[in-house]
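Report on the following structure.
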Number of protein chains: 2
Amino acid sequence: MPAAERFALYLSKHRLKMTRERRALLEHVLSVRGHFDVDDLLRRLGRTGHRVSRATLYRNLPVLVESGLIHKVEMARGQARYERMVGRHHHDHMVCLGCGDILEFESPEVERIQEEVCRRKRFVMTGHTHQIRGYCGSCAGDGRARGKER
Amino acid sequence: MPAAERFALYLSKHRLKMTRERRALLEHVLSVRGHFDVDDLLRRLGRTGHRVSRATLYRNLPVLVESGLIHKVEMARGQARYERMVGRHHHDHMVCLGCGDILEFESPEVERIQEEVCRRKRFVMTGHTHQIRGYCGSCAGDGRARGKER
DNA sequence: CTCTAGTTGCAACTCAGTCTCAATTATGAT
DNA sequence: ATCATAATTGAGACTGAGTTGCAACTAGAG
Ligand SMILES: [Zn+2]
Ligand SMILES: [Zn+2]
Ligand SMILES: [Zn+2]
Ligand SMILES: [Zn+2]
């Protein structure tokens, strides 16, 4: 099912309305590749003439998340980033403390162990965050890797 | 090596001073069991007559972390918690969205895979965060597990 | 004891995100 | 198409966690 349709369906199912703002947001969110934050999105929307307020953005990103179209990535110190999830599957992140770059990794094995741990502890998992911090190849070379954990 | 000594050593190595405030903080931090946040600590210190300002706390928790005596646990939405690490080894967390309880788990296997992933991507890991969100045994029972991801 | 770099408390400030509310608008029913 | 109503919006005030500038204080080396 195309993303726009999926979104429309989600909205009507929850008695939410398909507003101009939501349409603009959806469109932009689907076209970004990579990880983005609220300000990226706001700037992007502004540039193309769609005026969407910051409040509206903050109100609707969770809706996009709930509908499964994007995913929220919680970075250190509560900075949230998002990424399109249409046509992609779950993965986790490595964040470079040098250049801020975000690499992705996936490990079915880790996911399996998580499930196993939850089963053993009678814990019902609804989500998880798994982030590796450090320095990417290019940053690790030039002394920057000496930096301490932030 | 006893914790206090380790701390003293760390301080002198970095030309930092062993102040009254740091001593009080150290003492309290070592006596707490479980996970705590800044306000817990502040209240606790207040109760025992040690007046330590919030700013000083915020300035010194990273010092404790650097010296390896405590560990910072970044929760969702940037709320930081800490835990004593003296005489304990690395573990990760499961956070109950119902009651806020924090369970711990450890998996050498997961740690190994992480290392492996980093090696493969030429990424120098300095730390990682691995958190499972969901509902603990008692909360999962009573409808609360229906709650959405927060 | 003296000197100095490190430390402290306070209050002002930042930053991300949330909330309030009056005005606007999508949508289902007539 | 028109209406009624509940959802939505933008602006700006507000929140909470954490940071910062600064003047007064103090640990610790010499
Ligand atoms: Zn994962
Ligand atoms: Zn990603
Ligand atoms: Zn781990
Ligand atoms: Zn723990």
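For clarity, every value in this text was computed on a predicted model and none was experimentally measured. In the text below, chain A, chain B and the rest are named by the order of the sequence lines, each starting its count at 1.
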Inset, instruction - Assess whether atom CZ of B:Arg23 is packed by more than 12 heavy atoms of other residues, nucleotides or ligands within 6.0 Å. - result: yes
Inset, instruction - Report the C-alpha separation of A:Glu21 and A:Arg59 in whole Å, then their side-chain angles, then the decisive distance to 0.1 Å, and conclude whether the salt bridge (Lys or Arg N to Asp or Glu O under 4.0 Å) test is met. - result: CA-CA 11 Å; A:Glu21 290 79 3; A:Arg59 279 190 281 240; over 6 Å; no
Legend entry - Residue pair A:Glu83 / A:His35, side-chain donor-acceptor N/O under 3.5 Å: yes
Inset, instruction - Output yes when a side-chain donor or acceptor of A:Arg84 lies under 3.5 Å from a complementary backbone atom of A:Arg33, and no otherwise. - result: no
Inset, instruction - Check whether any side-chain nitrogen or oxygen of B:Asn60 sits under 4.0 Å from OP1 or OP2 of C:dT8, and answer yes or no. - result: yes
Inset, instruction - Rounded off to whole Å, could you give me the NE2-to-C1' distance for the B:His14 and D:dA27 pair? - result: 18 Å
Legend entry - d(CZ, A:Arg51; P, C:dT25) in whole Å: 12 Å
Inset, instruction - Check B:Ile132 against A:Cys118 and note the closest heavy-atom contact, atom names and distance. - result: CG2-SG, 3.8 Å
Legend entry - Below 4.0 Å: OP1/OP2 of C:dT7 and any side-chain N or O of B:Arg22: yes
Legend entry - Nearest-angstrom distance from the residue atom CG of B:Leu42 to C1' of D:dA17: 13 Å
Inset, instruction - Let me know the distance between CG of A:Leu11 and P of C:dT27, rounded to the nearest Å. - result: 8 Å
Inset, instruction - Could you tell me whether A:Arg120 and A:Glu116 make a salt bridge, using a distance below 4.0 angstrom between a side-chain N and a carboxylate O? - result: yes
Inset, instruction - Could you identify which residues of residues 26-37 of chain A place a heavy atom less than 4.0 Å from some atom of DNA chain D, listed by residue number, or say none? - result: none
Inset, instruction - Ignoring hydrogens and angles, tell me if any N or O in the side chain of B:Arg6 forms a donor-acceptor pair with the backbone of B:Gly68 under 3.5 Å. - result: yes
Inset, instruction - Determine whether the side chains of A:Arg133 and B:Thr129 contain a donor N or O and an acceptor N or O closer than 3.5 Å. - result: yes
Inset, instruction - Rounded off to whole Å, could you give me the CG-to-P distance for the B:Leu57 and D:dG18 pair? - result: 10 Å
Legend entry - Exercise: do B:Ser107 and B:His130 side chains pair donor with acceptor under 3.5 Å: no
Inset, instruction - Could you tell me the separation between the CZ atom of A:Arg15 and the P atom of D:dA7, rounded to a whole number of Å? - result: 8 Å
Find every protein N or O atom lying less than 3.5 Å from an N or O atom of nucleotides 28-30 of chain D, and list the pairs.
| from | atom 1 | to | atom 2 | distance (Å) |
| --- | --- | --- | --- | --- |
| D:dG28 | OP1 | B:Met18 | N | 2.9 |

Inset, instruction - Assess whether atom CZ of B:Arg88 is packed by more than 12 heavy atoms of other residues, nucleotides or ligands within 6.0 Å. - result: yes
Legend entry - Pairing residues for B:Tyr82 by the ring-ring contact (aromatic ring centres under 6.0 Å, His included) criterion, not counting sequence neighbours: none
Legend entry - ring-ring contact (aromatic ring centres under 6.0 Å, His included) partners for B:His89, two or more places apart: none
Legend entry - A:Gln131 side chain to A:Glu74 backbone, donor-acceptor under 3.5 Å: yes
Inset, instruction - Using five base pairs at each end, measure the axis-to-axis angle across the helix from C:dC1-D:dG30 to C:dT30-D:dA1 and round it to 10 degrees. - result: 30°
Legend entry - Heavy-atom protein contacts under 4.0 Å, nucleotides 11-23 of chain C, coded B base, S sugar-phosphate only, - none: -----SSBBB---
Legend entry - Interatomic distance, B:Leu25 CG vs C:dT8 C1' [rounded to whole Å]: 13 Å
Legend entry - Integer-rounded Å distance: C:dT27 C1' and A:Leu9 CG: 16 Å
Legend entry - Aromatic ring proximity, centroids under 6.0 angstrom, A:His90 and A:His128: yes
